[in-house]
*Asks:* 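Below you will find the structure I want to go over with you.
Proteins come first, then strands; the chains are lettered A, B, ... in the order of their sequence lines, and each starts at number 1. These figures come from a predicted structure and were not determined experimentally.
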Amino acid sequence: MTSPDWLHRLNPPQRQAVTHHTGPLLVLAGAGSGKTRVLTHRIAHLIEVGEVRPDSIVAVTFTNRAADEMRRRVDSLVDDEEAASQVIISTFHSLGARLLRANAPRADLDWNFSIYDDTDQRRLIKAILERRGQDRSRSSINRYRRYIDGCKNRGWTPEQAQENAFDAEAEESAHFYGLYQDALYRAGAADFGDLILTPLVIFRRDPHFAAGLSHLWRYVMVDEFQDTNPAQYELLDHLTTSHDNLAVVGDDDQAIYRWRGADLTHILGFEEAHDETRIVKLEQNYRSTSLILDAANDVIDHNDRRHPKTLWTDRPRGEPIAVFTGSDDREEAAYVAESIYNELRKGAQPADFAIFYRTNAQGRLFEELLRQWGISYRIVGGLSFYDRQEIKDLLAYLRAALNPYDDVATARIINTPRRGIGDATIAKLKAALTVEGIEHLQDAAAIADDEPSEQHELFSPRSHNPAKQQAIEALHSLRGVSKGGIVSFLQLLEQTRDDLLHFESLTPVVERLLERTAYPEYVEKSDPDRAEDRLRNLGELINAIEEFERDPTTPALLRSVRNAIPDDVDDPLTTSEASLHLRAFLDRSALVNPSTGDDSAESVTLMTIHGSKGLEFDTVFLVGMEEETFPSLREPDDPDELAEERRLAYVAITRAQNRLIITNARRRRVYGKFKTTEPSRFLLDIDPQRLQLDPRSTSTHVDYGSTHRRSTSRRDNDHSSHSFRSRASSSWHFDQSTTDDDTAFNQSLPDWSPVPESHITNTSGDPTGDDHTLVGATVTHTRFGVGEVLSVSGSGDRARLTIDFPAVGRQTVIRKFLKILG
DNA sequence: GGCACACGAATTTTT
DNA sequence: TTCGTGTGCC
């Protein structure tokens with residue numbers, strides 16, 4: 001077999017990594033050094049040169065986005081389409097889910113087990129605390145949740161947790177972990193941690209099983225290896241028992257998941273743990289200008305305990321890093337929005353821009369301001385589509401139908417929409433769960449629905465305990481609305497199960513469910529303000545299901561799920577076509593969260609820094625660079641925590657290809673109250689030579705950048721003024737050709753009203769003549785409603801219209817976001 | 001049983 | 001600011 005023609009396009013170390021087929025391989029890949037490139041090319045090389053079976057290659061990532069990206073690139077790189085599709089590319093969690101789905105009985109799980117996300121997890125913990133009469137405050141729930149997750153990340157079962165508990169508190173927590181695990185078991189459910197831990201437990205118990213799997217999957221690759229936690233690490237160990245073909249790629253400087261149990265020693269000690277490890281260092285950065293790279297190094301240099309490496313680039317020095325300090329967080333956001341707006345006018349593409357913040361909550365303001373400037377954006381991460389109330393409700397119905405043991409799902413929707421099952425009734429149902437033979441809410445509901453005589457026969461002999469007897473009688477005593485509600489609820493689930501048996505596709509099942517529950521009507525009545533949005537979400541869920549069923553990769557997925565079920569399983573709810581679809585879809589919805597907003601390439605990206613890892617953008621705005629916000633230190637004295645925040649800053653900076661703009665604000669609203677801030681130490685770590693203060697900064701804390709040292713320090717004492725005087729520089733987003741920006745800012749900054757018109761007309765570089773024909777027209781806007789046009793600047797789709805909306809007052813909106821009624 | 005209201009608490013980061 | 005929880009009333 002000859003070398004593929006793409007081999008010469010790789011640099012020497014990349015080529016070394018790609019052509020290394022067997023034995024352990026550690027690729028230390030600096031930011032922007034072609035990490036994904038190496039992984040995908042190595043897969044192609046294994047197939048095309050090594051003549052390795054494609055289905056013996058497993059590539060594991062941490063995020064779905066990374067998995068999707070890798071899939072896309074492998075597909076385009078490998079000539080043989082069929083072969084490419086057989087390579088397993090998956091996140092750790094999806095891989096775990098897949099293993100469990102195919103081997104549910106080994107873990108003593110029902111085929112239809114549910115996957116609990118952290119909301120479900122919290123609800124379950126709360127239910128246990130409730131049952132035990134313990135404190136069920138949020139902090140208590142979170143404490144247990146953190147503890148349990150921590151154990152699972154370490155690969156500890158409740159027994160191991162007990163063994164590792166060295167004080168009373170830990171013992172108590174470990175005990176609770178056991179109770180929690182029992183409850184999960186009874187609910188036929190696995191939480192996220194179990195997706196890793198349970199396969200691990202199977203492997204430990206049955207090494208032959210693990211060995212068999214490792215014979216099948218002979219080439220294992222791991223992306224972002226620095227983020228593996230001990231459980232994942234052990235899982236990899238089992239998967240490679242019969243060989244040591246483990247290729248890991250990572251960068252210790254980009255380890256940002258310590259809080260999720262990631263352990264840096266895995267990558268730092270890989271060489272010692274694996275004999276004859278081949279180490280390849282990728283040190284040439286192809287992404288960023290040298291100045292950006294230097295700034296990143298300024299920040300990361302403060303960390304010790306790193307793999308020694310020097311990242312270099314032959315790219316030009318590039319533009320200085322712009323720094324802007326707003327007088328408050330709103331001004332900061334306005335600055336970013338305006339800067340992007342100006343660049344777009346000059347012909348830049350929205351997709352070139354990204355805004356990175358430390359916490360999701362910071363995104364809101366940027367969202368608002370971008371919308372005001374008529375810039376389309378998308379938010380990646382944050383509350384996911386599948387986290388929305390209406391979506392979770394509908395999925396809970398499906399889960400409760402598929403898995404009657406799933407009490408968290410059942411409890412969620414037993415009275416949603418309202419059907420007369422109130423707190424008192426639910427308390428009666430829960431009270432009955434203490435009786436043997438009644439394990440689940442749906443059992444209890446069924447007893448309430450039954451005739452008393454039958455039940456007495458069934459349960460009386462066993463429950464002499466008067467309290468239990470009483471619990472059952474309480475169920476039987478239910479009458480009227482409550483009883484009716486229970487009857488219709490059970491009927492609803494039964495009908496849905498029936499549909500699952502009789503339909504080939506999931507779509508009609510869900511449509512009929514929506515109809516039967518009258519959920520849309522419920523939304524309209526209970527939440528008229530947001531009804532439109534929420535109904536659209538429900539529509540999108542149906543679309544997502546349809547799309548899933550149409551997806552070309554779905555049949556293969558379904559086949560593997562179906563094949564895993566032995567022939568002697570004849571439960572129709574497990575084997576029916578629609579239920580197969582449902583399980584696969586639920587798994588996916590639990591593990592994948594799509595971005596929200598305008599998802600086309602035509603939008604600016606907003607995300608947390610964590611979400612940005614692995615991505616690159618022409619221009620990056622790194623916002624909120626203040627102490628407490630970033631770094632955000634829970635334990636201010638914990639050096640490890642600070643080191644991780646520093647790596648986070650490093651990740652953020654190295655995402656930028658050509659331009660980096662760092663912003664912060666002098667004061668910021670936290671919980672609705674203003675707090676004054678200090679600049680981030682990470683900003684101060686950057687050599688001022690590389691920075692350039694944007695002259696529009698209304699104030700600044702310190703001397704960033706030598707050019708402006710004098711003028712800025714003077715302004716330090718000038719907190720009240722919003723004007724800016726220092727205009728010496730021509731930073732990239734400052735259009736010097738405009739004449740009265742000063743006035744514009746002076747007018748616009750003191751009050752935080754929508755950006756005034758004067759400002760907008762000023763920034764239009766080449767006025768094309770305003771389209772006044774629209775003045776006086778009636779228009780509608782999706783958010784603001786109907787309004788009347790007061791004035792227009794510009795023409796065409798991009799024209800900016802100032803409109804009087806009776807509902808929200810005066811707003812300036814881009815033409816293309818409006819519908820003109822006449 | 002359901003609703004409206006007031007109060008208090010809370011935020012990293014993601015599968 | 002926004003969320004969830006608890007209270008009191010119909």
*Asks:* Given the P atoms of dT13(B) and dG4(C), what is the spacing between them in whole Å?
*Replies:*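 That atom pair is separated by 16 Å.
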*Asks:* Take a 6.0 Å sphere around OH of Tyr522(A) and say whether it holds more than 12 heavy atoms from other residues, nucleotides or ligands.
*Replies:*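 Result for OH/Tyr522(A): enclosed.
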*Asks:* Using only side-chain N and O atoms of Thr608(A), determine if any of them is under 4.0 Å from OP1 or OP2 of dT14(B).
*Replies:*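 Affirmative; the distance criterion is met.
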*Asks:* Ignoring backbone atoms, establish whether Thr63(A) has a side-chain N or O less than 4.0 Å from OP1 or OP2 of dT14(B).
*Replies:*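 Answer no for this pair, as no side-chain N or O of Thr63(A) is under 4.0 Å from OP1 or OP2.
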*Asks:* I'd like to know if the side chain of Thr61(A) and the backbone of Glu224(A) have a donor-acceptor N/O pair within less than 3.5 Å.
*Replies:*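 Not a single qualifying donor-acceptor pair exists.
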*Asks:* Counting heavy atoms from C-beta on, name the nucleotide in dT11(B), dT14(B), dG2(B) closest to the side chain of Arg145(A).
*Replies:*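 Among the listed nucleotides, the one closest to the side chain of Arg145(A) is dT14(B).
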*Asks:* Rounded to whole angstrom units, what separation is found between the CZ atom of Arg668(A) and the P atom of dT11(B)?
*Replies:*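 Going from CZ in Arg668(A) over to P in dT11(B) covers 18 Å.
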*Asks:* Across the strands shown, which category fits Gln362(A) at heavy-atom distances under 4.0 angstrom: base, sugar-phosphate, nothing?
*Replies:*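 Result for Gln362(A) = nothing.
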*Asks:* Taking for each residue the nucleotide of DNA chain B with the nearest heavy atom, is it Ser139(A) or Glu644(A) whose nucleotide lies nearer the 5' end?
*Replies:*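 The 5'-side residue here is Ser139(A).
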*Asks:* Looking at the side chain of Tyr671(A), which of dG1(B), dT1(C), dT15(B) is the nearest nucleotide?
*Replies:*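 Nearest nucleotide to the side chain: dT1(C).
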*Asks:* Looking at CG of Asn415(A) and OG1 of Thr425(A), how far apart are the two atoms once the value is rounded to the nearest 0.5 Å?
*Replies:*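 That separation rounds to 8.0 Å.
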*Asks:* Check every strand shown and say whether Ser482(A) touches a base, only sugar-phosphate, or nothing at a heavy-atom separation below 4.0 Å.
*Replies:*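 Since only primed, P, OP1 and OP2 atoms lie under 4.0 Å of Ser482(A), the category is sugar-phosphate.
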*Asks:* Within this structure, what is the CZ-to-C1' distance between Arg138(A) and dC7(B), rounded to whole angstrom?
*Replies:*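 Atom-to-atom, Arg138(A) to dC7(B), this comes out as 13 Å.
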*Asks:* Whole angstroms only, please: what is the CD-C1' distance between Gln389(A) and dT2(C)?
*Replies:*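 So the two atoms are 14 Å apart, to the nearest Å.
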*Asks:* Name the residue closer to the 5' end of DNA chain B, choosing between Leu478(A) and Phe92(A) according to the nucleotide with the nearest heavy atom.
*Replies:*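 So the residue in question is Leu478(A).
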*Asks:* Determine whether a donor-acceptor pair (N or O, by modelled atom type, separation under 3.5 Å) exists between the side chain of Arg583(A) and the backbone of Asn112(A).
*Replies:*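 Answer holds: no.
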*Asks:* I need the single residue from Ile256(A), Leu622(A), Ile653(A) that forms a side chain to side chain contact (heavy atoms under 4.5 Å, CB included) with Ile609(A). Which is it?
*Replies:*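 Of the listed options, the one satisfying the test is Leu622(A).
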*Asks:* Counting just side-chain N and O atoms, does Arg418(A) come under 4.0 Å of either OP1 or OP2 of dC3(B)?
*Replies:*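 The answer is yes; a side-chain N or O of Arg418(A) sits under 4.0 Å from OP1 or OP2.
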*Asks:* Mind checking Asn142(A) for me? I need base, sugar-phosphate or nothing, with any heavy atom below 4.0 Å counting as a touch.
*Replies:*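 Here Asn142(A) touches the backbone only, sparing every base.
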*Asks:* With heavy atoms under 4.0 Å as the rule, sort Lys613(A) into base, sugar-phosphate or nothing.
*Replies:*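 Answer is nothing: Lys613(A) stays at 4.0 Å or more from every strand.
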*Asks:* Within less than 4.0 Å of OP1 or OP2 of dT15(B), is there a side-chain N or O belonging to Asn229(A)?
*Replies:*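 Looking at the OP1 and OP2 atoms of dT15(B), neither is under 4.0 Å from any side-chain N or O of Asn229(A).
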*Asks:* Using whole Å, what does the distance between atom C1' of nucleotide dT11(B) and atom CD1 of Ile609(A) come to?
*Replies:*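 Those two atoms, CD1 and C1', are 16 Å apart.
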*Asks:* Which part of the nucleic acid, if any, lies within contact of Ala424(A), taking any heavy atom under 4.0 Å across all strands shown: a base, the sugar-phosphate backbone alone, or nothing?
*Replies:*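 Contact class for Ala424(A): sugar-phosphate only.
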*Asks:* Rounded to the nearest angstrom, tell me the gap between atom CG in Asp120(A) and atom C1' in dT15(B).
*Replies:*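 In whole Å, dT15(B) C1' and Asp120(A) CG are 14 Å from each other.
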*Asks:* Applying the salt bridge (charged side-chain N to carboxylate O under 4.0 Å, His left out) criterion to Asp117(A), which one of Arg399(A), Lys392(A), Arg123(A) satisfies it?
*Replies:*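 With Asp117(A) as partner, salt bridge (charged side-chain N to carboxylate O under 4.0 Å, His left out) holds for just one option, Lys392(A).
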*Asks:* What is the distance, rounded to the nearest whole Å, between atom CZ of Arg260(A) and atom P of dT15(B)?
*Replies:*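 In whole Å, dT15(B) P and Arg260(A) CZ are 6 Å from each other.
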*Asks:* Do the side-chain N or O atoms of Asn360(A) get closer than 4.0 angstrom to the phosphate oxygens (OP1, OP2) of dT14(B)?
*Replies:*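 So the side-chain polar atoms of Asn360(A) do come within 4.0 Å of the phosphate oxygens OP1 or OP2 of dT14(B), strictly under.
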*Asks:* Assess whether a salt bridge exists between Arg388(A) and Asp533(A), defined as any Lys/Arg side-chain N lying under 4.0 Å from an Asp/Glu carboxylate O.
*Replies:*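 No.
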*Asks:* For dT14(B), does either OP1 or OP2 sit under 4.0 Å from a side-chain N or O belonging to Asn64(A)?
*Replies:*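 Negative; the distance criterion is not met.
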*Asks:* In whole Å, what is the span from the CE atom of Met607(A) to the P atom of dT15(B)?
*Replies:*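 After rounding, the gap between these two atoms is 11 Å.
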*Asks:* If you measure from the ring centre of Trp259(A) to the centre of the six-membered ring in the base of dT13(B), is it under 5.5 Å, with the planes under 30° apart?
*Replies:*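 It does: the two rings, one from Trp259(A) and one from dT13(B), meet the stacking criterion.
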*Asks:* Regarding Thr425(A), tell me which of base, sugar-phosphate or nothing describes its non-hydrogen contacts under 4.0 Å with the strands shown.
*Replies:*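 Since only primed, P, OP1 and OP2 atoms lie under 4.0 Å of Thr425(A), the category is sugar-phosphate.
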*Asks:* Which nucleotide in the set dG1(B), dT15(B), dT11(B) lies at the smallest distance from any side-chain heavy atom of Asp118(A)?
*Replies:*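 In terms of side-chain proximity for Asp118(A), the closest of dG1(B), dT15(B), dT11(B) is dT15(B).
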*Asks:* Arg136(A) has a side chain; which of dT15(B), dG6(C), dT11(B) sits nearest to it?
*Replies:*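 Looking only at heavy atoms from C-beta outward on Arg136(A), the closest nucleotide is dG6(C).
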*Asks:* I want to check one thing: is the phosphate of dA10(B), taken as OP1 and OP2, less than 4.0 Å away from some side-chain N or O of Lys673(A)?
*Replies:*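 Looking at the OP1 and OP2 atoms of dA10(B), neither is under 4.0 Å from any side-chain N or O of Lys673(A).
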*Asks:* Nearest whole angstrom, please: distance from the C1' of dA10(B) to the CZ of Arg669(A).
*Replies:*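 Rounding to the nearest Å, CZ of Arg669(A) and C1' of dA10(B) are 17 Å apart.
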